Amino acid sequence: MTDQQKIERAEEDTVAFTVENGIAWVKFNRPEKRNCMSPKLNRQMGKVIADLEFRDDVKVLVLTGEGDAWSAGMDLKEYFRETEAQGLGMIRKSQREAYSWWERLRWYEKPTIAMVNGWCFGGGYGPLFACDIAIAADDAQFGLSEINWGILPGGGASKVVADLMPLRKAMYHAMMGENLTGKQAEEQGLVTEAVPADRLKARVLEIAEALAKKDGHALRATKWAVRRMTEMTYDNAEDYLIRAQEALHNFGGVEARKEATRQFLDEKSFKPGLGTFDTSKIKR
Ligand code: ACO
């Protein structure tokens, strides 16, 4: 048995995070198991992202993986085999622990970026989809490997590919169990962008810093609006967007817009078409 195989991580060690200059870098932290998601990891991730969500020093959350994996999906031993051995109650509990943090991330208060540094399989598509923006290394590997071990892509994974990829590509991806590189995942709509591995962190940092400068309330309203749109008729969308803009006014939206308009029209210190206004001057 190698040293790595002997690692039995405590629950709190299954996720690592640091907060630097407004950016929370959260990591799946089971590199010796390719960061696959066990019940312990799911519980810990739920706690970590909940704790970070309302911290004033966190403007953006980045989700990445320690080592050479982003996440190798669900843990076949701890999430499936050991849980199933304990009956339906435990199966449902484990599902809830996983799905609930993906859901929280899908509707997170702060902007989120998946920084996909390596393997991303099956259940990993849940948190991948939950992040607002996904940047992958060119050589990352994405796979719906479910079919390769005799199950269907559950935990939202079928929905993720049907929503993000053209149907012909999604169907092939799910049925064949062949992996896509980061570049192919970009071409097929699964991620926002793929970059050479040695540029991955720099590119994510660039995006995170740009987001951190924008008005957080407007960002939250925007990301929730875009996510809601996919399931609305045009008329419902129009109505929702009016209500959401009006709700944004309760969080200083009127003051933000007045200040931005002043900086553009009167001060001429910025152009909305070319960048963001100085949010530090909003009088709320
Ligand atoms: N569940 C349980 N254990 C896993 C998982 C997983 N999803 N992925 C990796 N591991 C474990 C391996 O069993 C191994 O454990 P050991 O050291 O105790 O033997 C360790 O992590 C390292 O894995 P290797 O296979 O040795 O690593 P390698 O770099 O050669 O391969 C790869 C990486 C391709 C990711 C491989 O581990 C793999 O195929 N993993 C499974 C991927 C997968 O299909 N996930 C499930 C998707 S479906 C779903 O999520 C519902």
Side-chain angles (χ1 to χ4, degrees), residues 1-11 13-16 27-46 63-86 90-103 105-106 114 116-131 134 136-162 164-165 170-182 184-185 190-191 197:
M1 198 183 256
T2 66
D3 281 352
Q4 280 209 329
Q5 283 170 318
K6 283 184 217 147
I7 293 177
E8 186 57 59
R9 275 177 197 274
E11 190 160 312
D13 296 333
T14 56
V15 175
K27 280 185 177 178
F28 294 104
N29 193 36
R30 299 178 76 210
E32 67 285 354
K33 297 288 181 189
R34 304 302 177 263
N35 298 326
C36 64
M37 289 176 268
S38 60
K40 280 184 194 167
L41 183 145
N42 288 326
R43 281 194 293 273
Q44 186 60 20
M45 193 62 94
L63 181 60
T64 190
E66 182 62 45
D68 61 7
W70 193 69
S71 173
M74 308 320 289
D75 187 321
L76 269 65
K77 178 169 172 278
E78 295 182 36
Y79 180 84
F80 285 112
R81 195 164 63 186
E82 292 177 0
T83 300
E84 280 160 11
Q86 295 175 71
M90 195 53 83
I91 293 171
R92 289 288 181 267
K93 179 173 182 287
S94 296
Q95 287 169 335
R96 273 196 295 274
E97 285 165 349
Y99 300 173
S100 62
W101 78 261
W102 306 344
E103 184 192 6
L105 205 55
R106 253 190 339 271
V116 186
N117 51 304
W119 304 111
C120 177
F121 283 107
Y125 283 30
L128 177 74
F129 180 67
C131 290
D138 282 344
D139 58 0
Q141 292 276 319
F142 293 81
L144 283 186
S145 54
E146 283 88 339
I147 194 65
N148 295 342
W149 62 284
I151 67 166
L152 59 75
S158 296
K159 172 77 175 149
V160 171
V161 293
L164 294 183
M165 294 164 75
M171 194 68 91
Y172 185 94
H173 189 51
M175 291 179 71
M176 294 295 284
E178 294 171 3
N179 296 342
L180 299 172
T181 62
Q184 291 168 322
L190 195 54
V191 299

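Just so you know, residue 1 is the first one in the sequence shown, and it goes up from there. Whatever order the structure lists them in is the order used to number ligands and atoms, beginning at 1. Only a predicted model underlies this, so the values are computations on that prediction, with no experimental measurement involved.
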Ignoring hydrogens, what is the shortest heavy-atom contact between V161 and H173? Give both atom names and the distance. CG1-CD2, 4.0 Å
May I ask you to check if ligand 1 and [X] share an N or O to N or O distance below 3.5 Å?
X	answer
G123	yes
F80	no
S145	yes

Kindly determine whether T64 and N117 satisfy side chain to side chain donor-acceptor pair (under 3.5 Å), including the steps that lead there. CA-CA 7 Å; T64 190; N117 51 304; 3.3 Å; yes
Among the heavy atoms of W149, does any lie under 4.0 Å from an atom of ligand 1? yes
Decide whether the shortest distance between a heavy atom of E32 and an atom of ligand 1 is less than 4.0 Å. yes
So does G123 get a backbone contact from the side chain of W102, meaning a donor-acceptor N/O pair under 3.5 Å? no
Out of Q141, R34, M74, K33, whose heavy atom is nearest to atom 24 (P) of ligand 1? R34
Atom indices of ligand 1, in the order listed, that fall short of 4.0 Å to a heavy atom of G73: 50 (O)
Exercise: do N42 and W101 side chains pair donor with acceptor under 3.5 Å: yes
Is A72 touching ligand 1 with its side chain, its backbone, both, or neither, if touching means heavy atoms under 4.0 Å apart? both
Indicate, as side chain, backbone, both or neither, the part of Y125 found under 4.0 angstrom from ligand 1 when only non-hydrogen atoms are considered. neither
Is the closest basic N to carboxylate O distance between R30 and D75 below 4.0 Å? yes
Counting the benzene-type ring for Trp, do W119 and F28 have ring centres under 6.0 Å apart? no
Close side-chain approach of N35 to K27, heavy-atom, < 4.5 Å: no
